[in-house]
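First listed ligand is number 1; within each ligand, the first listed atom is number 1. Worth knowing before you read on, the calculation uses all heavy atoms, side chains too, and leaves out hydrogens, waters and symmetry mates.
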Amino acid sequence: MSRYLRPGSIDEAVGLLSTDAALRIVAGGTDVYPSLGEAAARAAFLDIVRIPGLRGITRENEAWRIGAATTWSDVVRAPLPAFFDGLKLAGREVGAIQIQNAGTLAGNVVNASPAADGTVALMALDARVEIAGSDGRRVMPLGDFVTGVRSVALKPGEIVTALLVPDRPAKSRSSFLKLGARRYLVISIAMVSAVVDLDDAGMIAEAGIAVGACSPVARRLPALEARLVGVPPAQAADVVLASDADVLSPIDDVRARAGYRRDAAITLVRRTLAACAEAAR
Ligand SMILES: Cc1cc2nc3c(=O)[nH]c(=O)nc-3n(C[C@H](O)[C@H](O)[C@H](O)COP(=O)(O)OP(=O)(O)OC[C@H]3O[C@@H](n4cnc5c(N)ncnc54)[C@H](O)[C@@H]3O)c2cc1C
């Protein structure tokens, strides 16, 4: 028979996890339940969404803290600086409204699907992952946290408590685009998130470009990011080369062939940069 525990604090949650290895963390449940199917009726769950302080977005020091129980709808509705627009666009395309109301950003990241839309948008923003365990808290870059398909750097008994997004200059813009077989309720064939910070002269001072569904783990495009520095935003799309996709390793599957994914990714990179330029006008 299923067991369902609702701890009242992170310490209690960590304590329960340390004494019962069978416990499975659940937030919105939109990945957990479909993956378990009928086995859900016999599983043991640790529901973290009602832990006080775990839901919501706050600014702390130089970063924005997105608590692990924060849903996609929370992000979409939150009054946030313009550089979060790419993350909001990703959120508006996660499943449908019902999924966005229940599903969390942390769940999206920990589930570690190569097609996780949130991971791509957060990676472009240099997000870090805050983790609590019996040894205390630690923080690591999102790029190191997701280690492979369905694989993350969580040790047994650990919980993700927040995603930390570094603050950016006021003149920072971002965008997100996803390609699927249809407009809504679709697993991405490729998706891209771009963020550009502008200097006082209006040139690109820093860029973050992340591509998803084209490798086991979402990838940044560091060579392109370096070439974009000093470029006027309106010319950013012209700087993108087909060879920028060389760091990707797309596969053929039921949704698309590898070559198509590669071409689509480059087209999406150009379009997200054009969208950033438009937003900066
Ligand atoms: C119909 C449908 C459409 C969808 N469409 C999309 C889509 O368009 N794009 C997309 O990216 N995803 C999509 N998803 C997948 C899913 O909705 C998202 O990944 C969502 O953000 C997962 O969040 P959750 O809170 O529901 O995670 P859960 O299902 O609760 O958990 C997911 C995993 O993370 C673990 N976990 C959750 N929170 C924590 C934590 N704080 N610490 C440690 N481990 C944790 C769980 O144990 C589990 O392994 C879709 C799902 C469905 C059912």
Can an N or O of [X] be found at a distance shorter than 3.5 Å from an N or O of ligand 1?
X	result
Ala27	yes
Glu158	no
Arg24	no
Leu105	no

Notebook entry, point to check: What part of Glu130, side chain, backbone, both or neither, has a heavy atom within less than 4.0 angstrom of ligand 1?
Noted result: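 No part of Glu130 comes within reach of ligand 1.
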Check: So which bit of Thr161 gets within less than 4.0 Å of ligand 1, heavy atoms only: side chain, backbone, both or neither?
Finding: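 Contact part for Thr161 vs ligand 1: neither.
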Starting from [atom], what is the nearest protein heavy atom, named by residue and atom, and what distance separates them?
atom	answer
atom 31 (O) of ligand 1	Val32 CG2, 3.4 Å
atom 26 (O) of ligand 1	Thr30 OG1, 2.6 Å
atom 42 (N) of ligand 1	Val160 N, 2.9 Å
atom 47 (O) of ligand 1	Ile25 O, 2.5 Å
atom 35 (C) of ligand 1	Val110 CG1, 3.6 Å
atom 27 (O) of ligand 1	Gly107 CA, 3.5 Å
atom 19 (O) of ligand 1	Asp31 OD2, 2.6 Å
atom 4 (C) of ligand 1	Gly95 CA, 3.8 Å

Checklist line | Sequence neighbours excluded, every pair satisfying side chain to side chain donor-acceptor pair (under 3.5 Å) that has a member inside residues 83-95 | finding: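 Non-adjacent pairs meeting side chain to side chain donor-acceptor pair (under 3.5 Å): Glu93-Arg183.
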Numbering the atoms of ligand 1 from 1, which are under 4.0 Å from a heavy atom of [X]?
X	answer
Ala115	11 (O)
Ala68	41 (N)
Glu93	8 (O)
Trp72	21 (O)
Ile159	41 (N), 42 (N)
Gly103	23 (O), 24 (P), 25 (O), 26 (O)
Ala116	11 (O)
Gly28	24 (P), 25 (O), 26 (O), 30 (O)

Note to self: With rounding to the nearest 0.5 angstrom, report the CG to CD1 distance, Leu5 to Ile48.
What the structure shows: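 Between atom CG of Leu5 and atom CD1 of Ile48 there are 13.5 Å.
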Checklist line | Sidechain N-carboxylate O distance under 4.0 Å for Arg270, Asp244 | finding: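 No salt bridge links Arg270 with Asp244.
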Check: Salt bridge check: are Asp31 and Arg150 linked by an N-O gap of less than 4.0 Å?
Finding: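 Not counted as a salt bridge, because no side-chain N and carboxylate O are separated by less than 4.0 Å.
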Locate the shortest heavy-atom distance separating [X] from [Y]; write the atom from each residue and the value.
X	Y	value
Gly202	Pro233	O-CD, 3.1 Å
Leu273	Ala237	CB-N, 4.3 Å
Leu36	Ala43	CD1-CB, 4.2 Å
Leu16	Pro7	CD1-CB, 4.1 Å

Checklist line | Any Leu154 heavy atom less than 4.0 Å to ligand 1 | finding: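 The answer is yes, since Leu154 has a heavy atom less than 4.0 Å from ligand 1.
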Item checked: Verdict with reasoning, Asp135 to Lys155, per salt bridge (Lys or Arg N to Asp or Glu O under 4.0 Å) -> CA-CA 11 Å; Asp135 295 336; Lys155 296 182 208 150; 5.1 Å; no
Checklist line | Pick from Asn108, Val94, Asn111: the one approaching atom 11 (O) of ligand 1 most closely through a non-hydrogen atom | finding: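 Result: the heavy atom closest to atom 11 (O) of ligand 1 is in Asn108.
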Note to self: Arg219 and side chain to side chain contact (heavy atoms under 4.5 Å, CB included): which single residue from Pro222, Pro216, Ser215 fits?
What the structure shows: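 Per the side chain to side chain contact (heavy atoms under 4.5 Å, CB included) rule, the option paired with Arg219 is Ser215, out of Pro222, Pro216, Ser215.
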Note to self: Just by distance, no angles: are the side chains of Gln100 and Ser73 close enough, under 3.5 Å, to form a donor-acceptor pair?
What the structure shows: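 No, because no side-chain N or O of Gln100 sits under 3.5 Å from a partner of the opposite role on Ser73.
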Next item on the list: Kindly work out whether a path of hydrophobic side-chain contacts (I/L/V/M/F/W/Y, heavy atoms less than 4.5 Å apart) joins Ile187 to Tyr33.
Entry: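 No.
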Check: Between Val120 and Leu221, is there a shared hydrophobic cluster once you connect ILVMFWY residues whose side-chain heavy atoms come closer than 4.5 Å?
Finding: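 Val120 and Leu221: separate clusters.
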Next item on the list: Using atom types as modelled and distance alone, determine if a side-chain donor or acceptor of Arg261 lies under 3.5 Å from a backbone N or O of Ala213.
Entry: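 It does hold such a pair.
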